[in-house]
Amino acid sequence: MSSKSIPRDVALLDPAKLPQHVAMIMDGNGRWAKKRLLNRIQGHEKGADTVRAVVEACREIGIPYLTLFAFSTENWQRPQREVDALMTLLKKFLEDEREELQKNGIRLTVIGETTRLPQNVRQSIDEVVAATAVNDKLRLILALSYGGRAEIVRMARELATAVADGQLRPDQIDHDRVARSLYTPDIPDPDILVRTSGEMRISNFLLWQIAYAELYFTPTLWPDFGKEEFCQILHDYQQRDRRYGKVDPV
Ligand code: FPP
């Protein structure tokens, strides 16, 4: 495909074939910073600007669900200074964006082991989640202290407890019942998963939910990612043939 035919604008996307849910693994902040002889935290700060740009793009394009992998259960093992900086950045983001989210009809929710987050971050989350609860233009889901396997373990414990208590029979456990015990009972599965920075891994993100997601790996580092490339990915997504294991009708 010549670069001329690659759409650079929202207007060139087919509104009937937009994904309902985009999930993103925001990777490459550290490498972005290193290339510029900056510290990793400055990379995360620039990454927060990309978060704003992608949220704005989803709202403009009309994508109703966006899930961002902002902090994994494994990220707790990073140096304390970096963890603290990420928590501070997150709190600042929530405070700075609260009005903008409200103005644009964006609802914030969070998935993950949020009880592990510092109390002041949890308080900011609770405030923004409550303040934006009735918004319905875009649902922004931040995965924080999130791990897909931990989510599955949590679900298994919940179902096992219900069985042990006599509230559920094993034969009543089906796809739907499992999905309802995950963090995302009211959220459609992602149609596409994008990972930046050239790494081609899922890294424990939404393991159950991405069963049929289209996968996109771009070498672009997260702080360099923007609306133009996002539109290109969405255009590419619109050309893909999603068969869900079936065959095309002849
Ligand atoms: C991965 O880059 C990124 C993270 C672990 C954190 C993501 C955080 C942000 C994008 C900024 C803050 C987020 C919000 C929602 C305000 P990396 O550090 O693993 O990069 P590297 O692989 O190049 O070292």
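Small disclaimer: the values here were computed from a predicted structure and weren't measured. All ligand and atom numbering here is 1-based and tracks the order in the structure.
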Would you mind telling me if ligand 1 is within reach of the side chain of Trp222, the backbone, both or neither, using heavy atoms under 4.0 Å?
-> side chain
Salt bridge Asp176-Arg180, side-chain N to carboxylate O under 4.0 Å | yes
Which of these passes side chain to side chain donor-acceptor pair (under 3.5 Å) with Asp191: Gln20, His21, Arg242?
-> Arg242
Give a yes/no on ligand 1: does Ser197 have at least one heavy atom closer than 4.0 angstrom to it?
-> no
Under-4.0 Å salt bridge between Lys103 and Glu100 | yes
Report the part of Leu68 in contact with ligand 1, treating N, CA, C, O as backbone and CB onward as side chain, heavy atoms under 4.0 Å; options are side chain, backbone, both, neither.
-> neither
Which one holds for Met87 and ligand 1: side chain close, backbone close, both close, or neither close, with close meaning a heavy atom under 4.0 Å?
-> neither
Ligand 1 contact by Arg78, heavy-atom criterion under 4.0 angstrom = yes
Would Asp49 and Lys46 pass as an ion pair if we require N to O under 4.0 Å?
-> no
Distance-only donor-acceptor pairs under 3.5 Å for side chains of residues 83-94, two or more places apart:
from, atom 1, to, atom 2, distance (Å)
Asp84, OD1, Gln80, NE2, 2.9
Thr88, OG1, Asp84, O, 2.9
Lys91, NZ, Glu95, OE2, 2.7
Lys91, NZ, Ser124, OG, 3.2
Lys92, NZ, Asp96, OD2, 2.6

Can you tell which part of Arg40 has a heavy atom less than 4.0 Å from ligand 1: side chain, backbone, both or neither?
-> side chain
Is there a nitrogen or oxygen of Trp32 sitting under 3.5 Å from a nitrogen or oxygen of ligand 1?
-> no
Taking ring pair (Phe, Tyr, Trp, His ring centres under 6.0 Å) as the test, write out the residues that go with Phe217, two or more places apart.
-> none
